[in-house]
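Model, not experiment: these values are computed from the prediction. The sequence lines fix the lettering, A, B, ..., with proteins before strands; numbering per chain opens at 1.
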There are 2 protein chains.
Amino acid sequence: MTKTRKKTDLPILGVHERVINASLLLFTKQGYFKTSVPDIVKASGCSTGSIYHHFKDKEGIASALYESLVMRMNLALDEIETQFPSSKQRCQAVIKLLFHITETEPEVMEFILYAKHKEFLPGNNPICSSRPFQKMREFVTAGIAEGDLQPIDDLVASASLYGGALRLIFLRLDGVIEHSLMDKLDDVWKCAWRSVAA
Amino acid sequence: MTKTRKKTDLPILGVHERVINASLLLFTKQGYFKTSVPDIVKASGCSTGSIYHHFKDKEGIASALYESLVMRMNLALDEIETQFPSSKQRCQAVIKLLFHITETEPEVMEFILYAKHKEFLPGNNPICSSRPFQKMREFVTAGIAEGDLQPIDDLVASASLYGGALRLIFLRLDGVIEHSLMDKLDDVWKCAWRSVAA
DNA sequence: TTGACTAGAACGAACGTTCGTTTTATACTA
DNA sequence: TAGTATAAAACGAACGTTCGTTCTAGTCAA
């Protein structure tokens, strides 16, 4: 018997999941600091006491949310690594993945990319030092070592390869771009690859 | 006789400037919501009453700060426009400008790029719709029209051209890059231009 | 009966803001 | 020039609100 499914076998979400889900929506819609604990209580349907039984404090909620999203990202990147052999294919798959998440779960992308985590997660590393972003850079570094990419600074190469795509994601999240990023995937990739291809 | 220099002709900063300067440092160092009005009082050396005499409220301070930085940016971009005739030169100058500001006044770049303005400036447009960013895109659009750049979607071209540089700026502000971005300027520009050059 | 969990009223601290007062600069008068 | 009147600016204690958190009472399954 798992920890979150005690009373029944019905697919009723536990407090932890309900709070995390509600917080993701609230944090991305109105920001961490403009989201009060009472807001989370209302949106999650859990009581204050319940929430504080499962989480140390408000920051703990954000922290758990952050961890879960980073973990999801890691799994997806690991899958890309096993599925594709070449650096080129991997980098392309990464951009496609990021675009896909942006279109299907914009809140997830927004929380990962746009939130100024250091403001409310003082302990955490900056997002760009977190494992998913490291992995993305590793793909690039490997590409340079294999001679597929120009022999330039890893960070410059990585920024050039992913920078365009990430910028478009910001524009999409801000509402500047109105149509699916998927439409632009090919063009974006052509530009990205051309910028660093050997 | 100006409004801010009555008592003497000495270059003593007025309340407005002192508050703006202090707030830029505080907002970028600890974030808007973790900066209290008493914090600003201490850092600026102005009293609470004084501050509320010059600004409507705390949000008004952030708003004035935002406006002043956007205006500075506009002036700099206008100068680039008059100084350089070709789109290529203009775009290159933009990246150099952004790198220069990042190195000499990181707080300015941080506030412009990194702050989630919509959290505390509900009225304002997203930063990427503001005039400076529009102007940056205009340079790219002109380049496409003139045939210097590939005939692709403006937004894709713009994102590809500036995306790498902006990504490096984020990395620099986050402390991931330890040396001056100026060292990487040439490589970054080569990648950026290669990504969209006709 | 016990122990894990839920509930929501209550609490103190900290916040942004207001307000009555004092200080300073300027304009006017004689 | 000296004296007075007026307005603008600065001040900071005090206010009401809202926040994150705690606490005590209660529920329910085992």
Report task. Please state whether the phosphate of dT6(C), meaning OP1 or OP2, lies under 4.0 angstrom from any side-chain nitrogen or oxygen of Ser47(A). Result -> no

**Report entry** Ile51(B) CD1 to dT18(C) P, straight-line distance once rounded to whole Å
**Finding:** 14 Å

Report summary line: Contacts of Phe133(B) meeting ring-ring contact (aromatic ring centres under 6.0 Å, His included) (sequence neighbours excluded), chain-then-number -> none

Query raised in the report: Within a reach of under 6.0 Å around CE of Met182(B), are more than 12 heavy atoms found that belong to other residues, nucleotides or ligands?
Result: yes

Query raised in the report: Quick one, which residues of residues 21-46 of chain A touch DNA chain C with a heavy atom under 4.0 Å?
Result: none

Query raised in the report: Between Lys58(B) (NZ) and dA14(C) (C1'), how many Å, whole number?
Result: 12 Å

Report task. Could you tell me whether Glu79(A) atom CD has more than 12 heavy atoms of other residues or ligands within 6.0 Å of it? Result -> no

Requested in this report: Considering only NZ, NE, NH1 and NH2 on the basic side and carboxylate oxygens on the acidic side, decide whether Asp78(A) and Lys135(A) come within less than 4.0 Å.
Outcome: yes

Query - Nearest-angstrom distance from the residue atom CD1 of Ile61(B) to C1' of dT17(C) - result: 12 Å

**Report entry** side chain to side chain contact (heavy atoms under 4.5 Å, CB included) between Asp154(B) and Ser158(B), intermediate numbers included
**Finding:** CA-CA 6 Å; Asp154(B) 297 69; Ser158(B) 182; 5.9 Å; no

**Report entry** Results of salt bridge (Lys or Arg N to Asp or Glu O under 4.0 Å) for Lys88(B) - residues two or more places apart only
**Finding:** none

**Report entry** Rounded interatomic separation in angstrom, taking NE2 from His16(A) and P from dC5(C)
**Finding:** 13 Å

Report summary line: Considering only heavy side-chain atoms of Asp57(B), the closest of dT22(D), dA7(C), dT17(C) is dT17(C)

Query raised in the report: So does His53(A) get a side-chain nitrogen or oxygen closer than 4.0 Å to the phosphate oxygens (OP1/OP2) of dC5(C)?
Result: yes

Requested in this report: May I ask you to verify if any side-chain N or O of His54(A) is less than 4.0 angstrom from the OP1 or OP2 atom of dA4(C)?
Outcome: no

Query raised in the report: Quick one: is Ser50(B) getting a side-chain N or O under 4.0 Å of the dC11(D) phosphate, OP1 or OP2?
Result: yes

Query raised in the report: In whole angstroms, how far is the P atom of dC19(D) from the CD atom of Glu59(A)?
Result: 18 Å

Report task. Could you tell me how the ring of Phe120(B) sits relative to the ring of Phe111(B): parallel (under 30°), tilted (30 to 60°) or perpendicular (over 60°)? Result -> tilted

Query raised in the report: If you check every side-chain atom of Val15(A), which of dA9(C), dT6(C), dA13(D) has the closest atom?
Result: dT6(C)

Query raised in the report: Of the candidate nucleotides dT21(D), dG16(C), dA10(D), which contains the atom at the shortest distance from the side chain of Tyr52(B)?
Result: dG16(C)

